[in-house]
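Take a look at the structure below.
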Amino acid sequence: MQKMTAPEPYARITPTADIRNSAHGGRAKCLQRLVRLDMPVPATVALPFGTVRKLAMGHAPDVPAILAEFGDGPLVSVRPSSEDPDWGGPGAILNIGMNQTRHAALTDELGQEAADTLYLRFIQTFAVHVARLDPDEFSTTRASASTIAQALKAFEDETDDLFPQDPVTQLTQVLRAMAQAWEGTTARLLRQAKGAPADAGLGLVVQEMAMGLGPGESGSGVIQFANSATGQRQIVGRYLSKGQGRASLTGGSAELFMTRDPRGPSLEERSPEAFAQLCALGDKARVRLREEMQIEFTIENGGLKVLDAVRIARNARAAVRIAVDLAQDGVIERDDALLRVQPRALTELLHKQVDPRGSRDRVALGIAASPGAAAGKVVFSSAAAQASAARGEACILVRRETTPEDIRGMHAAAGVLTERGGMTSHAAVIARGLGLPAVVGASGLVLNRRDKSFRVADGRVIREGDVITVDGTSGEALAGTVDMLEPALDDAFQALLEWAEDACDIGVRANADTPEDAKNARMFGADGIGLCRTEHMFFEEDRLTVMREMIFANTAQDRAAALEQLLPMQRVDFTRLFDIMQGSPVCIRLFDPPLHEFLPHDREGMRELATALDLPLSDVTRRIDALTEFNPMLGMRGVRLGITVPEIYDMQARAIFEATITAQRNGIIVVPEIMIPLVSAKREVELVKSRIDAVAAAVRTAEAAEFDYRLGVMVETPRAALRSGEIAHHASFLSFGTNDLTQMTYGLSRDDAGRFMGPYVQQEVFPEDPFHSLDVEGVGELLEIGSDRGRKTRPDVVLSVCGEHGGNPESIAFCRNAGFNYVSCSPFRVPIARLAAAHHALNDPNADM
Ligand code: PEP
Ligand code: MG
């Protein structure tokens, strides 16, 4: 690679000068581009990072020589130029060179008022931002001979020095003050928070002032050609006659609109030539700079000067629209458009969001478990949530934590708030799947279910029926309603998703349990269903009772009778999923949770169950006690249940195969994928496989039909990862369930992690919540071991992740590097995962594109 020479201590910006983004900053580089485009940019000199660094340490460059670049002593401005404009920098300082002599000359040239204004403004800016004097002493706005005299006197009193009259002294001090401001601790912390490296440099640009105050039409303004909130092509901006710098943006009444506007006069009417010229420059900048730019300009006696241009500020929605429009207009490549949108920013488009411009009255802060925002009346039970939905009233379900019994309540609620829980707790997982805003593990919230109220950290009590807003994007609950921004699943979003699909080289499937989820999965372009958690299908009211009958069955016959009732229901479930997915892969996980989750937890529920099953209450309580486990997440669940009560898996397999045949008869070719949960030993897979093969054979014979299916294993215990070499003999795919695998690797309950995750992350015990972003060192090593050993046995074994990490951009990078075939995540995270995967592929120099 060619070695870069060190830049000169300063350089006049000309088309051929050596100006680099990495040495002089983005503003300097952009100004050079404008100069190359032949835009009317006033004379400008750029100081590189090295010069500015030395300035901060007291070594000034040759300031007289810099000033000489501007010819016969004009006024100049200095602006910051950091490598990334988002890192900020000290504010611009204008009118350097203003002094008594210049004041007298300008009084003749521009008139008393303009000259006084310029001089007073410069004294004030210099005093406050360069000499760092008390702003209150320099706050007068009315410029006159006496206020100038007062300001000069105040300067002298405060500094024991006369206000500097020499332009070289003025410029030296301005440059040094701006260099030192960049080195200040607050400035450093602020820019580091925006991603700047610790040693980020600052460049400075010195530019001849375009006055904006002369005779004829003179003034300054900013113009842009796309709306910052929507990204739509639209001319927006402000212009202030007889104004300087960005004065037009301060919001006074004298500013003009850009285009004709019923609310007041416009630049288009006042100065049509300058306006037309600006529009032409805007088009040119868009095409040649390949970006939507905001142009800062000055008009001097009718003549246009372009002082600066910056990327227009934009929210996520506008970022998508602008990137797609630029690509569709052939200004940039599609790949470039993809890289210009941050995957996480898509969250803003997918869900309603709290309008960041509004005020917020926070009542609780917890884990931002499922993005988006919703307002509604507080309810404390699933039944109340359903009743509220039946009345057509939006509600927020507030629970200590949710259990599978709350699913219907969650379906009915607009948002969820829980006192306990972490990123993979029940409430979090279900809410993400439903696209429902949720805040979990809200610290300081004390629930009083009996009173139907909760108390928050500042002592306020929120009662049933009070309205709150759940902001699942920020992790806050807010009092009352707030302004919201609507989701934006528009054509630009769809186009971006399609391009991401073309660019990414790892599959993205959705975790989908219901027809609704499957429809969302298809809407967001998922490559199939990577995880259908079948247990969620058993919580429908009519099925729960049959399920309970099955659990309480005393004999094999009774159990078979209950399962016989569940069979057609499951068949319909799968038929619907196959129908919606239209031949895309569907991976169905056999029953996973402990049985007691289907049983009532309170006395009232037990009594109802006893009546429904026609059993004495004592029988019901005894059976429930018998099913209770000390640690149900590590007990009789997953394949352990499948082996001890094999009829459940038999029924599910039959339903899957019969639905497969129905789909085939409807013209949809399905090769169902059946997945066994919580495996830890090869023998478990052998036993389940032989039964499922037998069911398949029986269905083939009974229906006189042929079909294929694939059997796979969920790797979610550390032992399964370690033994995947032998497990893969019987599994055509391995899907890493990183929720359980994280829980078991850390020995950390996913439902309780929220209690201490905050302090743990703050004190850097964990770099991040491992339930949120894959722990690549520990759990990641198990993924690598598991996939390597699995592939060694069966080179074509299909590898995937279906835990919540499947929607996390950093975790997706890990899976891609490890050669996984796909990731699977909640439908609403599919677009984010897809774009993240596209970014990883586009940024990988070794990618086979
Ligand atoms: C997992 O454990 O990662 C998983 C996907 O299964 P569940 O979250 O249903 O336990
Ligand atoms: Mg699991």
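Starting from 1, each residue takes its place in the sequence as its number. We count ligands from 1, going down the list as the structure has it; atoms in each ligand are counted the same way.
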Completion exercise
re atom 9 (O) of ligand 1, the protein heavy-atom contact at minimum distance is Arg533 NE, 2.7 Å
Handout entry: Criterion side-chain hydrogen bond (donor to acceptor under 3.5 Å, both in side chains) against Asp406, the qualifying member of His426, His411, Arg399
Key = Arg399
Practice task
Look at atom CD of Glu781 and say whether more than 12 heavy atoms of other residues, nucleotides or ligands are closer to it than 6.0 Å.
Solution key: no
Handout entry: Close approach of Leu531 to ligand 1, heavy atoms, under 4.0 angstrom
Key = yes
Exercise for the section: Indicate, as side chain, backbone, both or neither, the part of Thr738 found under 4.0 angstrom from ligand 1 when only non-hydrogen atoms are considered. Expected result: backbone
Exercise for the section: Could you verify whether a donor N or O on one side chain and an acceptor N or O on the other, from Ser425 and Glu401, lie under 3.5 Å apart? Expected result: no
Practice task
For the pair Arg623 and Glu549, find out whether any cationic side-chain nitrogen is under 4.0 Å from an anionic carboxylate oxygen.
Solution key: no
Practice task
Can you sort out which atoms of ligand 1 are near Gly803, meaning under 4.0 Å from one of its heavy atoms?
Solution key: 3 (O), 5 (C)
Handout entry: Minimum-distance N/O/S atom that Asp740 presents toward the Mg ion (ligand 2)
Key = OD2
Practice task
Say whether Asp625 and Thr628, considering side chains only, have a donor N or O and an acceptor N or O under 3.5 Å apart.
Solution key: no
Fill in the blank from the handout: Looking at Arg750, His805, Glu804, the heavy atom closest to atom 8 (O) of ligand 1 belongs to Arg750
Exercise for the section: Write the atom name of the N, O or S atom in Glu716 that is nearest the Mg ion (ligand 2). Expected result: OE1
Handout entry: Heavy-atom pair with the smallest gap, counting every atom of Pro677 and Arg589
Key = CB-CD, 3.7 Å
Handout entry: Contacting atoms of ligand 1, where contact means under 4.0 angstrom from a heavy atom of Cys802
Key = 5 (C)
Fill in the blank from the handout: Atoms of ligand 1 under 4.0 Å from any heavy atom of Glu716, numbered from 1 in the order shown, are 1 (C), 2 (O), 4 (C), 6 (O)
Fill in the blank from the handout: So CZ of Arg794 and CG of Leu799: to nearest 0.5 Å the spacing works out to 11.5 Å
Problem - Protein heavy-atom partner closest to atom 6 (O) of ligand 1 - residue, atom, separation in Å - result: Arg589 NH1, 2.9 Å
Problem - The one among Asp740, Asn739, Asn511, Val715 that brings a heavy atom closest to atom 10 (O) of ligand 1 - result: Asp740
Exercise for the section: Could you tell me whether some N/O pair between Met714 and ligand 1 is separated by less than 3.5 angstrom? Expected result: no
Problem - Pairs meeting criterion side-chain hydrogen bond (donor to acceptor under 3.5 Å, both in side chains) with involvement of residues 636-647, two or more places apart - result: Asp592-Arg637, Arg637-Asp740
